[in-house]
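Computation of the quantities below employed the complete heavy-atom set of this structure, encompassing side-chain atoms and omitting hydrogens, waters and symmetry-equivalent molecules. In this text, all values refer to a predicted model and were calculated from it rather than measured experimentally.
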Amino acid sequence: MKKMAIADVKPYAAPGHFDVSVLRLQGTDETGIKTFWVGKSLFLPGGGADWGYEDNPNEKVYFVLKGEITVESKDEVFRLKEGDSIYIAPFEGRKIKNETNDVCEMLVMITYKGLE
C-alpha cells in the first residue's frame with residue numbers, strides 16, 4: 001500500500017485544458033500503479049478542455065465530486081452533476097466545459113497506453 005497525502009500532490013499542465021488545475025493523485029510515478037492513473041481536476045467557471053483524444057487509445061472515466069460539467073461527444077451533450085460519471089472509450093473524442101459560475105471538482109481515471 002502507498003498513501004498519497006493531498007499536500008504532497010503536485011499539479012501538472014494537461015494538454016488542451018484551460019482554466020483548470022489538474023492533480024495526479026495516483027499513477028506509476030506516484031505510487032507504482034501500472035495499468036491506470038487517477039487525478040483530480042478543478043475546473044473554474046468557463047474552464048474546460050478542447051476537442052481531443054480522438055487518437056488516444058486510453059479508456060477514461062470522469063466522476064463529478066462537486067459542481068457540474070458539460071461533456072460533449074460528436075453526437076451528444078452530457079451534463080454531469082455531483083455523483084454522475086461518464087465512460088469515454090478509446091479513440092472517442094470529447095470536449096469539456098464548466099458552463100456554471102461555480103468550480104467543478106472531478107475525479108479522473110485513465111488507463112495507460114498500450115494496455116489490452
Side-chain angles (χ1 to χ4, degrees):
M1 288 185 210
K2 185 166 181 183
K3 175 189 172 189
M4 285 296 296
I6 194 71
D8 298 330
V9 176
K10 306 284 188 241
Y12 71 96
H17 289 63
F18 53 92
D19 294 331
V20 61
S21 178
V22 183
L23 304 168
R24 179 94 41 119
L25 304 174
Q26 299 278 335
T28 300
D29 292 339
E30 295 77 17
T31 56
I33 293 173
K34 295 181 182 10
T35 56
F36 66 97
W37 63 268
V38 179
K40 182 178 180 183
S41 298
L42 295 102
F43 291 88
L44 296 175
D50 291 325
W51 281 106
Y53 293 121
E54 290 90 346
D55 61 348
N56 189 299
N58 303 4
E59 293 181 292
K60 294 161 265 320
V61 172
Y62 299 158
F63 179 86
V64 176
L65 299 166
K66 179 181 174 186
E68 185 176 323
I69 198 89
T70 300
V71 180
E72 184 178 341
S73 74
K74 288 187 169 50
D75 303 317
E76 295 182 79
V77 175
F78 303 91
R79 285 185 178 73
L80 305 179
K81 297 182 180 184
E82 186 174 323
D84 291 345
S85 63
I86 193 165
Y87 166 72
I88 300 172
F91 306 106
E92 187 171 31
R94 60 89 187 105
K95 182 178 179 180
I96 304 168
K97 187 159 186 194
N98 179 355
E99 298 176 333
T100 75
N101 288 328
D102 294 314
V103 173
C104 175
E105 295 182 24
M106 187 166 68
L107 193 65
V108 177
M109 294 148 278
I110 301 179
T111 59
Y112 283 114
K113 292 180 183 179
L115 297 177
E116 304 191 346

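Rounded to the nearest 0.5 angstrom, Asn56 CG and Ile88 CD1 are separated by 10.0 Å. Distance CD/Glu82 to CD/Glu105: 9.5 Å, rounded to 0.5 Å. Considering NZ of Lys81 and CD1 of Ile69, their distance stands at 13.5 Å, rounded to 0.5 Å. In this structure, CD on Glu59 lies 12.0 Å from CZ on Phe36, to the nearest 0.5 angstrom. Note: Asp84 CG to Phe63 CZ = 8.0 Å, rounded to the nearest 0.5 Å.
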Contacts table for residues 21-29: side-chain donor-acceptor under 3.5 angstrom, sequence neighbours left out:
residue	atom	partner	partner atom	Å
Gln26	OE1	Thr31	OG1	2.8
Thr28	OG1	Ile33	O	2.5
Thr28	OG1	Tyr112	OH	3.3

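Side-chain atoms of Thr70 and Glu99 include a donor-acceptor pair closer than 3.5 Å.
Side-chain contact between Tyr62 and Ser85 is absent, with no heavy atoms from C-beta onward closer than 4.5 Å. Side-chain contact between Asn98 and Leu44 is absent, with no heavy-atom pair separated by less than 4.5 Å. Glu30 has its side chain out of reach of Trp37: every pair of non-hydrogen atoms, C-beta onward, lies at least 4.5 Å apart.
By the criterion of side-chain heavy atoms lying less than 4.5 angstrom apart, applied directly or through intervening Ile, Leu, Val, Met, Phe, Trp or Tyr residues, Val108 is not grouped with Phe18; the two fall into different hydrophobic clusters. Residues Val77 and Val64 are members of separate hydrophobic clusters, defined by side-chain heavy-atom contacts under 4.5 angstrom among Ile, Leu, Val, Met, Phe, Trp and Tyr. Tyr12 and Val20 fall within a single hydrophobic cluster, where Ile, Leu, Val, Met, Phe, Trp and Tyr side chains are chained together by heavy-atom contacts under 4.5 Å.
Formation of a donor-acceptor pair under 3.5 Å by the Arg94 side chain with backbone atoms of Asp50 is found in this model.
Among all heavy-atom pairs drawn from Thr100 and Glu68, the shortest one is CG2-CB, 4.0 Å. Annotation for Phe43 and Ser41: closest pair CE1-CB, 3.5 Å, computed over non-hydrogen atoms. Residues Asn58 and Thr111 share a closest heavy-atom pair of ND2-O, 2.8 Å.
Partners of Lys97 according to the salt bridge (Lys or Arg N to Asp or Glu O under 4.0 Å) rule, which considers only residues two or more places apart in sequence or in another chain, do not exist here.
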